[in-house]
Amino acid sequence: MKIAVCIKQVPASTDVKVDPITGVLIRDGAKSKMNPYDLYAIETALHIKEICADASIVAITMGPPQAKEVLKEAIWMGCDDAVLISDRKFAGADVLATSRTLSQGIEQLGDVDLVICGKQTTDGDTAQVGPEIAEFLNLPQATFVNEIKEVKDKSIIVSSNYENHYEVLEVLFPCLITIDKDIFTPRLPSYKRGVSYQNLEINTVMLKDLPLKDETMYGLNGSPTQVEKIFSPDKNTEQKVIEGCALDVADALFKKLKDSKFI
């Protein structure tokens, strides 16, 4: 079994800068980390590998050259290989262009049985990239997976949490699943593996290496959604104390909430 785990390098804090023209996050020089949900995706892949002895895991990410750091972390956690999809022509991609690029990278790997993604990323929070990758690759999918019930030769049985209800699904390989948090406890990167793989050369895939080479389908050019305006919310510490009897306080509070259009 060949497993591809999609991961992403995200800002390590909320103090990030935005390009005022493109509306794209300025990642150069900013502190970063692996997207937290992707840690659960990696741990899920490693759990499946423990069940299927012949399984191999490839971590794949799209990003600038410094995104190799999260790929190294994935290797140190237990992934067998890693691929960086990196090209300036991929910059500024929305969820559609990102999904297309990742799907092309996965297709370039060849014969992937299972694609695993974190439920969402902490910098975008759309939860759309995983399902869109599945659509581009024409794969069946199960989202918001919170339990792996059984791994069979030709399928996987999972439980998905949709807040108001749970679903148990059997999905045929090849397929894609997105992982919710707390499915497993992510392991720490191994110092021993870090030493063993310290000279590992991570393969970088560029636009010229992908099956679809039309650059108008990637990055800003391939993004049908554009950021019109982005800004940091104003911090307001204004306080108002309402005094009086319970009825007067309730009336004044109701009027304030209504005037502020909260209700």
Side-chain angles (χ1 to χ4, degrees), residues 3-14 16 25 32-51 57 59-62 70 74 77 93-100 102-103 106 112-152 155-187 223-225 227 230 232-233 257-258 260-263:
I3 304 172
V5 183
C6 296
I7 64 177
K8 186 180 182 183
Q9 188 180 55
V10 298
S13 73
T14 56
V16 293
L25 291 178
S32 58
K33 63 179 180 180
M34 188 185 300
N35 177 51
Y37 285 102
D38 298 342
L39 294 170
Y40 297 103
I42 291 173
E43 187 59 40
T44 300
L46 294 171
H47 176 80
I48 293 173
K49 184 178 179 180
E50 291 171 358
I51 298 172
I57 305 170
I60 184 169
T61 191
M62 183 186 90
V70 294
M77 287 179 68
D94 68 356
V95 291
L96 183 69
T98 297
S99 304
R100 179 183 289 114
L102 286 168
S103 68
I106 294 168
V112 172
D113 300 290
L114 177 62
V115 181
I116 305 179
C117 304
K119 178 180 74 171
Q120 62 195 66
T121 60
T122 55
D123 60 348
D125 281 332
T126 67
Q128 294 177 12
V129 171
E132 289 187 16
I133 290 173
E135 289 300 310
F136 276 118
L137 294 174
N138 195 28
L139 296 178
Q141 60 180 286
T143 56
F144 303 101
V145 171
N146 68 329
E147 183 182 356
I148 304 296
K149 289 189 170 292
E150 187 178 355
V151 181
K152 298 183 177 181
S155 65
I156 186 169
I157 301 176
V158 300
S159 172
S160 293
N161 178 11
Y162 293 108
E163 293 189 2
N164 295 323
H165 70 283
Y166 289 87
E167 288 184 0
V168 175
L169 306 168
E170 181 171 4
V171 193
L172 295 176
F173 296 130
C175 64
L176 180 146
I177 60 176
T178 72
I179 302 299
D180 208 341
K181 64 179 181 178
D182 300 331
I183 183 171
F184 299 108
T185 300
R187 67 194 68 188
S223 300
T225 57
V227 177
I230 191 166
S232 299
L257 291 173
K258 189 173 182 180
S260 301
K261 297 183 179 181
F262 287 112
I263 57 175

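Just so it is clear, the values below take in all heavy atoms, side chains as well, and ignore hydrogens, waters and symmetry mates.
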TODO: Report the distance from atom CD1 of Ile7 to atom CE of Met34, rounding to the nearest 0.5 Å.
DONE: 4.0 Å

TODO: Assess whether atom CG of Asn138 is packed by more than 12 heavy atoms of other residues, nucleotides or ligands within 6.0 Å.
DONE: no

TODO: To the nearest 0.5 Å, tell me how far Lys49 NZ sits from Ile42 CD1.
DONE: 12.5 Å

Task: Atom of Met62, atom of Thr98 and distance for their closest heavy-atom approach - done: CE-OG1, 3.7 Å

- [ ] Considering non-hydrogen atoms only, spot the tightest contact between Val95 and Ser99 and give its length.
- [x] O-OG, 2.6 Å

Open item on the list: Treating Asn35 as the side-chain partner and Gln120 as the backbone partner, does any N or O pair qualify as donor plus acceptor under 3.5 Å?
Closed with: yes

Task: Distance (rounded to the nearest 0.5 Å) between Leu176 CG and Leu137 CG - done: 8.0 Å

Task: Crowding at CZ, Phe262 (>12 non-hydrogen neighbours, <6.0 Å) - done: no

Task: Interatomic distance, Ile156 atom CD1 to Ile48 atom CD1 [nearest 0.5 angstrom] - done: 4.0 Å

TODO: Work out which heavy atom in Tyr166 is nearest to a heavy atom in Ser159; give both atom names and the distance.
DONE: CD2-OG, 4.0 Å

TODO: Would you mind reporting whether Cys6 and Val129 have side-chain heavy atoms less than 4.5 Å apart?
DONE: no

TODO: Would you check, one step at a time, whether the test side-chain contact (heavy atoms from CB on, under 4.5 Å) holds for Leu114 with Cys175?
DONE: CA-CA 5 Å; Leu114 177 62; Cys175 64; 3.6 Å; yes

Open item on the list: Would Ile177 and Ile148 count as a side-chain contact (heavy atoms from CB on, under 4.5 Å) here? Give the steps.
Closed with: CA-CA 10 Å; Ile177 60 176; Ile148 304 296; 4.1 Å; yes

Task: Nearest-0.5 Å distance that lies between atom CD in Glu43 and atom CE in Met77 - done: 5.5 Å

- [ ] Please examine the side chains of Tyr40 and Asn146, heavy atoms only from C-beta on, and report whether any two atoms are closer than 4.5 Å.
- [x] no

- [ ] Starting at CG of Asp182, measure out to CG of Asn161 and round the result to the nearest 0.5 Å.
- [x] 10.5 Å

TODO: Without swapping roles, check the side chain of Asp94 against the backbone of Thr225 for a donor-acceptor pair under 3.5 Å.
DONE: yes

Task: Test item: Ile157 and Lys152 side chains (from C-beta on) under 4.5 Å apart, heavy atoms - done: yes

Task: Non-hydrogen atoms of Pro11 and Lys33 that approach each other most closely - done: O-CE, 4.0 Å

Open item on the list: Side chains of Lys119 and Lys181, heavy atoms from C-beta outward: is any pair under 4.5 Å?
Closed with: no

Open item on the list: Determine whether a donor-acceptor pair (N or O, by modelled atom type, separation under 3.5 Å) exists between the side chain of Asp38 and the backbone of Ala41.
Closed with: no

- [ ] Measure from the side-chain N and O atoms of Ser160 to the backbone N and O of Thr143, and report whether any donor-acceptor pair falls under 3.5 Å.
- [x] yes

Task: Of Leu39, Val145, Asp180, Ile179, the residue whose pairing with Thr44 passes side chain to side chain contact (heavy atoms under 4.5 Å, CB included) - done: Ile179

Open item on the list: Main chain of Phe144, side chain of Thr178: is a donor-acceptor contact present, judged purely on distance under 3.5 Å?
Closed with: yes

Task: Heavy-atom pair with the smallest gap, counting every atom of Ser223 and Ala93 - done: OG-CA, 3.4 Å

Open item on the list: Going by salt bridge (charged side-chain N to carboxylate O under 4.0 Å, His left out), name the residues that satisfy it together with Glu150, two or more places apart in sequence or in a different chain.
Closed with: none

Open item on the list: To check you understand the geometry: which heavy-atom pair defines the closest contact between Lys8 and Thr61, and what is its length?
Closed with: CA-OG1, 3.7 Å

